[in-house]
Amino acid sequence: MSSSRSRRVEYDRFIPFRSAMDMDYARFALTRPSRPKRDGSRESPSSVAYQKLLDDCILKNRSRILAFKTVPEAPASKLPQFDEPIRPQKKQQRRIPKEPERVLVIHVLLDDNVLNLLDWGSNNVLAIGLEDAVYLWDAANESTKLLQPVEDRGPITCVRWSPDCAVLAVAFGNSDLALIDPATGHVVDGMEDENQAPVLSLAWRSNSILTVGRFDSTVIDYDFRKDDMFICFYNGHRRGVCSLKWSLLSGQYLASGGQDKLDKLVHRWDAGMPVSRHHPRQRQWLHRISSHTSIVKAVDWCPTRSNLLASGGGCNDHCVKFWNTVNGACLNSIDAGSEVCALLWDKNKSDLLTFHGLSNNQLTLWNYPSMTRVAEVSSHSSRVLSLAGSPLGGIVASAAVDETVRFWNIFETPKIIKPELPFAQFNVIR
């Protein structure tokens, strides 16, 4: 019986083994020109390091042309290969806190869901409208200040920072409107007219032009630089206008939500449209949206899509709707399960935050356009009245009937990514 032996290749240390040689590299090594010295001077350390990097990544530190035996495969290099495919990293799901980061107890908040008593300015100061004063909270140093403009004007109905935060617009129950310097607390400008209806909503179109929505359905632009401050009015609502928002990207389009008893209207206006020759100070709506079945106070423009508007209905509606403002078409409608008191887009991502009333008083974070619930948290013990987002992103403040203002770390704070220098991961080249 013949025994089988494993075949073994015999090598000769004087005769090259052709199958173990890299013929492409051998041709390159034999034909590449030698690098001349620069006037006998030495090469810089960066040039030497760069050549070493090329040798490691491409030539794999090969220096021999002839091979006399096969060499086992070298382990994978720790250095990145130029032809290595980029694998996307799996993104971790962000954890949404179940509790607020901070709670402010405010004992004189008015229980009225059509008022707008909260605004967070670009100066990182939160303004809270109380019954007869304005409470300022500076998020940078956590300092507070109380502004008491003028007595006997009735309760405060709305507060709104100007874009440059030079003044704070404050509306009163007796229809007066005051522009207050936050540094001194003095009224620097304003408007008094006993024949006007109380103001429910404010929106700055620029640092000098303020859009005012009143209880009698009027929407008017005022320019405080002129003696005749009245510019134009927007004709369309039938009852009180409780929400006004200018588009952030273009600044040309205005959305308004109201208390209209029959149609529960949302209007979209174009400030660039030509006006009638017979009515030069009157603007007509571009789109009228009447599919909600309750008061519409929750209205907000998407900060990343100029033609996308979100609106939320009240206690008899429970729906969040999305609108294409070019043609007025409804893109989607979601039943949120309870009244939508306020909504706010994330400034950096396609996420939408909604605050609700009865029966759960919850906050819900949605991912758009899939409209999947990212998180749902029990927020207040009663319905939310107003909502404001930090200009830095991340934190959202909510004021509710339970007389508290709560701060929620909901949105992701954008990370500042510095551009990386070429070959920055190799310290020797640096």
Side-chain angles (χ1 to χ4, degrees), residues 113-114 116 201 203 213 219 234 236-250 253-270 285-347 349-376 383-387 389 396 398:
N113 66 330
V114 298
N116 294 273
S201 55
V219 180
Y234 302 82
H237 283 281
R238 300 185 180 97
R239 290 192 63 186
V241 181
C242 54
S243 181
L244 289 172
K245 285 290 180 69
W246 282 100
S247 58
L248 296 176
L249 296 180
S250 65
Y253 303 111
L254 173 68
S256 61
Q259 297 175 284
D260 304 87
K261 187 174 182 181
L262 296 177
D263 298 328
K264 282 60 179 192
L265 299 177
V266 177
H267 287 84
R268 184 239 183 186
W269 319 78
D270 186 353
W285 46 266
L286 185 62
H287 294 298
R288 170 177 279 179
I289 301 167
S290 58
S291 61
H292 282 288
T293 60
S294 186
I295 293 175
V296 182
K297 183 190 175 186
V299 175
D300 198 19
W301 292 91
C302 178
T304 58
R305 297 174 173 88
S306 60
N307 296 317
L308 180 60
L309 178 71
S311 62
C315 57
N316 297 323
D317 187 277
H318 301 176
C319 288
V320 179
K321 297 180 183 291
F322 301 89
W323 308 93
N324 182 343
T325 58
V326 175
N327 53 21
C330 181
L331 303 177
N332 197 0
S333 180
I334 299 296
D335 189 347
S338 59
E339 69 170 312
V340 184
C341 301
L343 55 81
L344 184 69
W345 286 97
D346 188 351
K347 296 179 180 180
K349 293 177 58 181
S350 295
D351 288 343
L352 180 70
L353 179 66
T354 58
F355 275 78
H356 301 268
L358 298 174
S359 56
N360 297 324
N361 307 310
Q362 80 277 13
L363 66 86
T364 306
L365 183 63
W366 309 82
N367 179 262
Y368 185 85
S370 64
M371 291 311 293
T372 55
R373 282 182 170 88
V374 179
E376 191 167 87
R383 69 178 177 180
V384 174
L385 298 174
S386 299
L387 186 65
V396 174
S398 60

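Note that these values count all heavy atoms, side chains included, but never hydrogens, waters or copies made by symmetry. Along the sequence shown, the residues carry numbers beginning at 1.
Legend: salt bridge (Lys or Arg N to Asp or Glu O under 4.0 Å) pairs involving residues 304-315, not counting sequence neighbours: none detected. Evaluation of the salt bridge (Lys or Arg N to Asp or Glu O under 4.0 Å) test over residues 289-304, restricted to residues two or more places apart or in two chains, returns Lys245-Asp300.
The shortest side-chain heavy-atom distance between Asn113 and Cys341 does not fall under the 4.5 Å cut-off. The closest side-chain heavy-atom distance from Thr325 to Trp301 is below 4.5 Å. Looking at Ile295 and Cys242, their side chains come closer than 4.5 Å, going by heavy atoms from C-beta outward. Using a 4.5 Å heavy-atom threshold, the side chains of Ser256 and His237 count as touching. Using a 4.5 Å cut-off on side-chain heavy atoms (C-beta onward), Ser201 and Ser243 make no contact. The side-chain heavy atoms of Leu353 and Leu363, taken from C-beta on, include a pair separated by under 4.5 Å.
A donor-acceptor pair is defined here as one N or O able to donate and one able to accept, closer than 3.5 Å; such a pair exists between the side chain of Thr293 and the backbone of Asn316.
The minimum heavy-atom distance linking Ser370 with Asn367 is given by the pair OG-OD1, 3.1 Å. The shortest heavy-atom contact between Gly236 and Trp269 is N-CH2, 3.8 Å. Val340 and Cys319 get closest at one heavy-atom pair: CG2-O, 4.0 Å. Closest non-hydrogen pair, Pro303 versus Asp346, comes out as CG-O, 3.2 Å. Across every non-hydrogen atom of Cys330 and Trp323, the tightest pair is CB-CZ3, 3.4 Å. Summarising the geometry of Gly312 relative to Leu343, their closest heavy-atom pair is N-CD2, 3.7 Å, with the distance given to 0.1 Å.
For Ser306, the side chain to side chain contact (heavy atoms under 4.5 Å, CB included) partners are Leu249, not counting sequence neighbours. A search for side chain to side chain contact (heavy atoms under 4.5 Å, CB included) contacts involving Thr364 returns Thr354, His356, Gln362, Trp366, Arg373, Glu376, not counting sequence neighbours. Checked against salt bridge (Lys or Arg N to Asp or Glu O under 4.0 Å), Asp317 has no partners two or more places apart in sequence or in another chain. Here Leu331 pairs with Leu308, Phe322, Asn324, Tyr368 under the side chain to side chain contact (heavy atoms under 4.5 Å, CB included) rule; sequence neighbours left out.
Interatomic distance, CZ of Arg268 versus OG of Ser247, reported as 8.0 Å (0.5 Å rounding). Atom CG of Asn360 and atom CD of Glu339 lie 11.5 Å apart (nearest 0.5 Å). Distance OH/Tyr253 to CG/Asp270: 4.5 Å, rounded to 0.5 Å. We find the CG-OG1 distance between Leu248 and Thr304 to be 10.5 Å, quoted to the nearest 0.5 Å.
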